[in-house]
Q: 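Here it is, the structure, as structure tokens.
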Amino acid sequence: MEQRQGRIRHMVIFDLAREEGSVEETAFLRDGERILTSIPVVRAFGAFRQTSAKNDYRLGFSMEFDSRADYEAYNAHPAHVSFVEERWQKEVSRFLEIDFDLDGATAPREGAGQ
């Protein structure tokens with residue numbers, strides 16, 4: 001399967017080992033936004049609280065990258081690595097990560113329709 005090099009939406013939904021609605025939870029979301037948006041390749045960042053009963057994760061981060069190279073640069077960036085090591089690994093109790101190709105969802109695949 002061909003790997004596209006287009007825009008990526010990176011989302012992670014998670015729970016913290018903190019009380020729901022606590023000062024610590026709010027601080028984690030605020031700090032995550034401040035730290036992760038300091039990385040130049042991060043676009044359209046959002047920090048969210050879950051509202052649906054269909055999903056039992058409480059929180060989420062979402063962001064976009066202009067390319068696979070930007071996504072990889074984000075993952076290797078010292079601010080991201082530090083946030084993961086110093087905060088994420090210590091405070092997040094569970095998570096699910098999802099990455100979507102923003103340019104390829106409706107683009108025709110090679111050989112399709114022939």
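Computed from a predicted structure; not experimentally measured. Count residues from 1 along the sequence.
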Q: Quick one: CZ on Arg7 to CG on Asp70, what's the gap to the nearest 0.5 Å?
A: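 Interatomic distance, Arg7 CZ to Asp70 CG, rounded to 0.5 Å: 12.0 Å.
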
Q: How far does CZ of Phe45 sit from CZ of Arg34, to the nearest 0.5 angstrom?
A: 11.5 Å

Q: For residues Ile8 and Glu72, determine if any side-chain heavy atom of one lies less than 4.5 Å from a side-chain heavy atom of the other.
A: no

Q: Take the angle between the ring planes of Tyr71 and Phe65 and call it parallel below 30°, perpendicular above 60°, tilted in between.
A: perpendicular

Q: Report the C-alpha distance between Arg49 and Thr26 in whole Å, list the side-chain angles of each, state the deciding distance to 0.1 Å, and finish with yes or no for side chain to side chain donor-acceptor pair (under 3.5 Å).
A: CA-CA 10 Å; Arg49 293 182 192 275; Thr26 300; 3.1 Å; yes

Q: State whether the side chain of Ser38 and the backbone N or O of Ile35 hold a donor-acceptor pair below 3.5 Å, judged by distance alone.
A: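 Here the side-chain-to-backbone pair exists.
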
Q: How far does CZ of Phe61 sit from CD of Glu97, to the nearest 0.5 angstrom?
A: 12.5 Å

Q: Under a 4.5 Å cut-off applied to non-hydrogen side-chain atoms, are Val12 and Trp88 in contact?
A: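 Yes, side chains in contact.
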
Q: Counting C-beta onward and ignoring hydrogens, is there a side-chain heavy-atom pair between Met63 and Val41 closer than 4.5 Å?
A: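 They are not in contact (no side-chain heavy atoms under 4.5 Å apart), so the answer is no.
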
Q: With a 4.5 Å heavy-atom cut-off, do Leu16 and Arg58 have their side chains touching?
A: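 Touching, per the 4.5 Å side-chain cut-off.
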
Q: What I want to find out is whether Arg68 reaches Asp99 closely enough, with some N-O distance under 4.0 Å, to be called a salt bridge.
A: no

Q: Verify the distance criterion only: is there a donor paired with an acceptor across the side chains of Thr37 and Glu33 at less than 3.5 Å?
A: no

Q: State, to 0.1 Å, how close Ile39 and Ala79 come at their nearest heavy-atom pair, and which atoms those are.
A: CG1-CB, 4.0 Å

Q: Just one of Arg9, His10, Arg43 clears the side-chain hydrogen bond (donor to acceptor under 3.5 Å, both in side chains) bar with Glu64, so which one?
A: Arg9

Q: Under 4.5 Å between any side-chain heavy atoms of Val92 and Asp15, yes or no?
A: no

Q: Ser22: what forms a side chain to side chain donor-acceptor pair (under 3.5 Å) with it, not counting sequence neighbours?
A: Glu24

Q: With side-chain contact (heavy atoms from CB on, under 4.5 Å) as the test, pick out the partner of Leu59 among Phe28, Phe48, Phe14, Phe95.
A: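 It is Phe14, the one option of Phe28, Phe48, Phe14, Phe95 that forms the side-chain contact (heavy atoms from CB on, under 4.5 Å) with Leu59.
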
